Engineer: 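Below is the structure I would like to discuss, written out as structure tokens.
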Amino acid sequence: MAVKSLSENETAPDDDTRRTLLRHMLVARGVDEEARRLQKQGVLDLWPSCEGHEAAQVGSALAAGPAATVVPSYREHAVALLRGVTPEELLAQWTGRTFCGWDPHRVRFFPYTMVLAAQTLHAVGYAIGRRMQGLEDFVVVYVGDGATSEGDMSEAMNLAAVESASVLFVVQNNGWAISKPAEEQMRTSVAERARGFGIASAAVPGRDPETVFAACSRAAAHIRGERAPFLVEIRVGRINGHTTADAQEVYRSSDDIARTKAADPVTGYADRLRGQGLVDAAWFAAVETEVREIRERLTKEYA
Amino acid sequence: MAVKSLSENETAPDDDTRRTLLRHMLVARGVDEEARRLQKQGVLDLWPSCEGHEAAQVGSALAAGPAATVVPSYREHAVALLRGVTPEELLAQWTGRTFCGWDPHRVRFFPYTMVLAAQTLHAVGYAIGRRMQGLEDFVVVYVGDGATSEGDMSEAMNLAAVESASVLFVVQNNGWAISKPAEEQMRTSVAERARGFGIASAAVPGRDPETVFAACSRAAAHIRGERAPFLVEIRVGRINGHTTADAQEVYRSSDDIARTKAADPVTGYADRLRGQGLVDAAWFAAVETEVREIRERLTKEYA
Amino acid sequence: MTGTVRSPCLAESINTALADLLDQDPRLVLIGEDIGRLGGVFRVTRGLRERFGADRVRDALLAESTIVGQAVGMAMSGLVPVCEIQFDGFTYPAVNQLVTQAARVGGRWNGRISPSLVVRIPTAGGFRGVEHHNDSNEALFARVPGISVACPSTGEDADQILRYAVALGSPVVVYEPIRLYWRRSSPPRSAEPARSPTAARVVRRGTDLTVATYGAITDEVLEAAHDLAPDVDVEVVDLRWVAPLDMDTVLESVGRTGRLLVVHEATKDVGIGAEIAASVAEYGHDALRGPVRRLAPDRRAYPPGDFEKDYMIGVREIRDEVLVMTK
Amino acid sequence: MTGTVRSPCLAESINTALADLLDQDPRLVLIGEDIGRLGGVFRVTRGLRERFGADRVRDALLAESTIVGQAVGMAMSGLVPVCEIQFDGFTYPAVNQLVTQAARVGGRWNGRISPSLVVRIPTAGGFRGVEHHNDSNEALFARVPGISVACPSTGEDADQILRYAVALGSPVVVYEPIRLYWRRSSPPRSAEPARSPTAARVVRRGTDLTVATYGAITDEVLEAAHDLAPDVDVEVVDLRWVAPLDMDTVLESVGRTGRLLVVHEATKDVGIGAEIAASVAEYGHDALRGPVRRLAPDRRAYPPGDFEKDYMIGVREIRDEVLVMTK
Ligand SMILES: Cc1ncc(C[n+]2csc(CCOP(=O)(O)OP(=O)(O)O)c2C)c(N)n1
Ligand SMILES: Cc1ncc(C[n+]2csc(CCOP(=O)(O)OP(=O)(O)O)c2C)c(N)n1
Ligand SMILES: [Mg+2]
Ligand SMILES: [Mg+2]
């Protein structure tokens with residue numbers, strides 16, 4: 001159950017990857033902003049924002065690689081976009097058109113699951129099923145801190161451990177399940193809990209996509225090498241309310257909200273790469289153009 | 001979460017307690033044998049034998065003490081008898097007369113629960129409820145190795161940990177859930193799993209009632225002192241089939257069955273106390289008389 | 001079309017009732033996801049944590065089996081837990097604890113305890129909710145021995161039902177229509193009180209046809225009835241409880257009108273309407289001037305928001321059905 | 001009283017069908033508690049693990065949500081899982097995965113996948129089982145859109161149903177009556193085949209009254225029918241599926257006999273009988289010579305063994321009810 005020790009070099013992203021990380025984060029942010037705007041206009045019925053989760057999502061998804069099958073919860077918009085779900089497809093279900101706007105097979109990104117933690121058992125079952133068919137798929141399943149309290153999550157961890165399933169559990173611990181703080185949801189951490197079931201795990205901060213990328217790369221190497229599960233718990237900040245229907249000011253201190261905003265992973269990483277000279281004004285302008293076009297397309301499609 | 005270190009002396013049973021342990025084990029064995037006999041005659045519909053579990057049950061129940069509220073699974077016959085459930089009351093449900101033959105309040109031993117692990121949440125809820133009413137009950141809940149795979153068990157551990165409930169989880173790991181070996185039910189142990197949730201725990205062999213008594217006494221002290229849960233996993237042998245309806249020879253090697261019989265905790269402990277001169281022939285004769293009377297009463301009541 | 005009356009809305013009545021009950025009975029405790037700090041995702045419990053403390057208004061762990069399972073234990077310990085499930089569609093993880101445990105505790109203890117335990121469930125659609133947020137699952141528990149199921153359609157009824165439920169001594173599931181929580185005006189109803197806490201209520205007197213219904217759609221039924229008057233004079237029975245069902249009130253009404261239409265928002269098959277229609281077909285056969293009919297969505301999943309209008313039974317469908325039956 | 005015929009029993013037919021299916025389709029996999037080494041607590045799957053390996057005949061973890069939840073994932077991966085729940089009363093922990101997941105996967109994927117997934121559930125009482133071991137919960141899933149529910153009463157039907165179910169492309173729950181597993185003789189039935197895999201079967205032709213029934217109690221209905229002949233000539237329809245219900249066959253039968261009695265072992269309220277009675281009361285109204293009646297246990301828990309005779313519907317109750325309806 002020991003983690004294969006890979007040196008930093010083996011898992012640290014190269015410069016191209018770093019730019020890719022930032023670009024995906026910026027695009028996700030742009031889509032999220034547009035979605036929230038459209039929701040305010042009544043075009044979307046609801047939107048669970050992923051602002052604050054971008055580093056965790058982009059870092060983990062890029063580390064997992066394009067061959068992995070992703071079983072999301074309902075907030076993994078940055079993962080969805082990175083996997084090739086178009087922004088239009090992503091928003092479709094929140095406008096009330098469909099339960100799933102994309103082709104899950106084409107992008108190997110499954111439909112969102114609204115019933116918390118139910119997808120964790122699907123992910124493990126899928127991994128077992130693929131292995132039985134001689135196709136050792138690598139499966140990534142996303143779950144929130146609150147959802148880990150559901151029996152299904154524990155059952156999925158036990159099943160994955162017993163079957164030694166090739167599943168990467170990514171827990172995005174944003175400190176809240178709607179209004180319930182994560183400290184009141186558990187006494188330890190999900191990473192510790194996983195070890196109790198016999199699943200190797202790591203807990204990492206989720207502000208820096210490179211840290212996440214490195215941790216998830218190591219996890220992926222472990223899963224591929226040992227053909228055994230791994231759980232990465234990523235601490236992130238939830239910048240907005242649980243969804244657009246949630247007024248987080250009711251239960252969350254303005255200090256806490258301000259601190260979370262100040263620790264924005266997107267601006268933080270943008271500043272860092274800019275400071276390191278990895279990206280310049282022209283690069284940002286290109287991404288901005290891309291985002292503007294996306295936003296225009298979304299408005300055209302839905303507004 | 002560290003276990004208060006109590007010296008052996010503080011928790012080792014004195015000679016009276018040791019005789020009490022043995023007497024309860026012998027009585028339970030007698031009732032179990034009679035129940036199996038009556039089942040063969042068609043008087044009982046079914047009987048889940050506790051042969052092999054006696055040391056674990058009597059040791060844990062005696063350590064928990066008479067004030068504790070016991071929430072059993074369905075195989076805790078030795079606990080039931082120790083708590084004052086009469087043999088007639090104990091058998092009543094297995095003859096099809098009732099769902100529960102005893103008054104749960106009088107003996108503070110709750111009805112058996114057939115739906116696996118459901119009782120674990122009741123136990124924690126009961127402990128929380130009593131505390132809220134200013135009555136810090138000490139609650140002991142029994143569960144089998146197989147049942148720990150149910151989501152409810154994990155949920156109950158998390159709830160107990162988060163609420164710091166005064167609950168002693170006693171897992172009787174008899175190596176089997178009907179035909180499924182415990183090694184295939186989990187990758188670690190339930191004791192390790194408990195720690196993952198933030199519950200202090202211990203794993204002990206269950207052949208010697210004194211070991212169990214000592215471990216559970218320490219656990220009880222921890223619970224009373226810290227007002228926090230504890231889990232004791234006791235490894236026991238299941239001498240008979242899962243129930244009288246189960247032909248364990250189908251899935252279990254005769255070697256394994258023979259080994260388990262040879263390690264019978266009741267004869268083992270009887271021999272030991274006899275060897276140590278703690279009990280003599282007269283003492284055994286008295287217990288035998290008691291058991292014979294019980295068996296006669298049971299036959300009279302049901303056959 | 002029809003006049004409406006303004007009254008305290010459902011959420012307010014429930015909030016007040018819960019506050020009263022917490023005040024009067026120290027054994028009462030509320031458990032649910034986000035019911036404390038947030039006051040519930042529908043704000044039904046708002047202010048209660050501040051007033052009664054986090055111990056009695058408990059922000060539950062995110063696990064429905066835990067919510068009901070611990071409530072069973074609490075009830076055994078002498079408390080009266082009132083649980084909230086966040087949306088009807090998330091009831092399922094709690095079904096095992098409700099059906100195999102809560103419903104059977106009294107019997108398993110041979111009547112030595114009779115724990116009261118209430119589960120409040122926001123229900124039904126009509127607000128473009130996302131998947132699983134629009135369910136109507138009252139029939140799920142209505143068939144389970146040992147569980148009572150209430151479906152209030154007004155704040156006044158919800159109040160009476162809650163007060164009755166916390167003292168019943170066996171589990172009660174209360175389905176609260178989401179779209180009524182904050183609705184302030186609804187079609188006028190006859191002032192006749194229910195004959196008992198579990199009785200149905202004749203909310204409109206009429207002579208030509210009886211509509212038996214419950215929950216949010218009672219408003220649409222009343223609106224249709226008003227629209228049809230005076231050409232067709234519809235009597236409307238709001239069942240208020242679907243287990244036990246007050247068949248006496250329904251049969252008496254059918255005895256007067258000779259026709260019965262059952263309307264509900266849950267899918268038709270093996271639903272409450274089936275039970276009512278079957279009972280009336282058997283016991284009210286001689287009074288019937290024509291076959292009992294049911295108006296309810298077909299057996300299919302509640303669709304995405306854009307399609308919910310097609311799915312739901314509206315005032316027009318009710319009117320049309322009544323006209324077909326009385327023509 | 002009545003002649004009986006000997007035939008392969010239910011357990012044997014299912015065992016053979018499963019073996020065949022495992023043989024023919026490499027995608028098929030069985031998952032359930034104790035189904036492998038032990039061959040199931042009813043020995044229905046015996047020999048299959050030896051023949052097809054522990055990988056395809058999987059002794060599941062002791063967790064019903066895990067069984068169905070992983071099956072959903074396996075089905076998505078291209079396999080065809082056939083799950084077993086050990087007893088009907090232990091279905092509840094799996095209800096969430098079945099109702100909110102398995103039933104909705106096809107719709108959620110916009111039809112891009114149509115996973116076949118079968119859940120076999122031993123059901124019903126009559127063998128002095130302990131608490132929870134005697135349930136009849138078919139109505140639970142019959143009302144759920146997206147789930148089909150079969151209730152075979154013979155080995156031949158179980159065989160046909162299983163073969164159909166593994167290829168359906170949406171979840172099927174199959175209720176297998178425990179007391180028929182090893183029963184070797186049963187009342188004779190008419191040889192008429194069902195018109196389609198999901199059709200009901202007229203297992204006895206008659207002219208005076210139709211009994212619609214399903215599952216184990218079909219034998220008691222047939223016995224009652226034989227007893228009553230030739231004074232009363234009862235037609236017996238074995239529904240075989242309760243979702244979808246083959247109402248055509250029932251209505252045609254009622255068209256011939258003019259009378260309908262529904263008999264089932266599950267409690268009466270909001271059950272399959274309610275749906276049939278309601279449908280026939282509506283669509284067969286003109287053909288009816290008297291009210292449709294239901295014969296089923298009252299809404300109470302299945303009692304301890306000593307009291308099950310009072311609880312269950314027996315041949316005598318069926319005879320009496322038919323006599324009342326035809327006198
Ligand atoms: C079974 C179930 N219960 C309740 C809900 C309602 N609900 C939706 S999201 C949520 C909080 C989830 O918190 P967490 O898992 O931490 O994820 P986050 O939203 O913070 O990303 C709740 C209670 C649900 N969707 N499913
Ligand atoms: C929810 C549920 N699923 C399945 C069963 C059937 N069943 C009864 S006992 C048992 C095995 C239990 O094993 P374990 O928990 O190890 O306890 P033991 O019988 O070995 O004492 C099973 C599968 C049940 N009673 N409840
Ligand atoms: Mg969260
Ligand atoms: Mg065991």
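Fair warning: this is a prediction, and the values are worked out from it, not measured in the lab. The sequence lines fix the lettering, A, B, ..., with proteins before strands; numbering per chain opens at 1.
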Engineer: Could you look at C:Asp298 and say if it's the side chain, the backbone, both or neither that has a heavy atom under 4.5 Å from chain D?
Structural biologist: neither
Engineer: If I compare all heavy atoms of C:Val270 with all of D:Ala139, which pair ends up nearest, and what's the gap?
Structural biologist: CG1-CB, 4.2 Å
Engineer: In terms of heavy-atom pairs under 4.5 Å, which option from C:Val262, C:Asp135, C:Asn137 contacts chain D the most?
Structural biologist: C:Asn137
Engineer: Counting only heavy atoms closer than 4.5 Å, note whether C:Val292 contacts chain D via side chain, backbone, both or neither.
Structural biologist: backbone
Engineer: Under 4.5 Å, counting heavy-atom pairs only, tell me which of C:Gly271, C:Ala274, C:Gly290, C:Pro303 racks up the most with chain D.
Structural biologist: C:Ala274
Engineer: Within a reach of under 6.0 Å around OH of C:Tyr311, are more than 12 heavy atoms found that belong to other residues, nucleotides or ligands?
Structural biologist: yes
Engineer: Look up atom CZ in C:Arg294 and atom OG in D:Ser279, then write down how far apart they are to the nearest 0.5 Å.
Structural biologist: 4.5 Å
Engineer: With chain D, which of C:Arg300, C:His132, C:Gln97 has the greatest number of heavy-atom pairs at distances under 4.5 Å?
Structural biologist: C:His132
Engineer: Could you grab the distance from atom CD of D:Glu275 to atom CD of C:Glu275, nearest 0.5 Å is fine?
Structural biologist: 11.0 Å
Engineer: Is D:Thr100 in contact with chain C via its backbone, its side chain, both, or neither, using a 4.5 Å heavy-atom distance?
Structural biologist: both
Engineer: List the atom of C:Ala281, the atom of D:Pro291, and the distance in Å for their closest heavy-atom pair.
Structural biologist: O-CB, 3.3 Å
Engineer: Quick one: closest heavy-atom pair of D:Gly146 and C:Arg299, and the distance?
Structural biologist: N-NH1, 4.2 Å
Engineer: How long is the span from the OH atom in D:Tyr302 to the CZ atom in C:Arg104, to the nearest 0.5 Å?
Structural biologist: 11.5 Å
Engineer: For D:Arg143 and C:Asp269, work out which heavy atoms get closest and say how close.
Structural biologist: CB-O, 3.5 Å
Engineer: Let me confirm one number: the CD-CZ distance from C:Glu131 to D:Arg108, rounded to the nearest 0.5 Å.
Structural biologist: 4.0 Å
Engineer: When only pairs under 4.5 Å are counted, which of C:Val280, C:Val144, C:Ile272, C:Leu98 shares the most heavy-atom pairs with chain D?
Structural biologist: C:Val144
Engineer: Give the member of D:Thr267, D:Ile276, D:Val99, D:Leu288 that has the highest number of heavy-atom pairs under 4.5 Å with chain C.
Structural biologist: D:Val99
Engineer: Counting only non-hydrogen atoms closer than 4.5 Å, can you tell me which residues of residues 237-251 of chain C sit against chain D?
Structural biologist: C:Ala243
Engineer: Quick one: pull up CD in D:Gln101 and OH in C:Tyr92 and give me the separation to the nearest 0.5 Å.
Structural biologist: 11.5 Å
Engineer: Please tell me if the side chains of D:Asn96 and C:Val95 come closer than 4.5 Å, counting only heavy atoms from C-beta onward.
Structural biologist: no
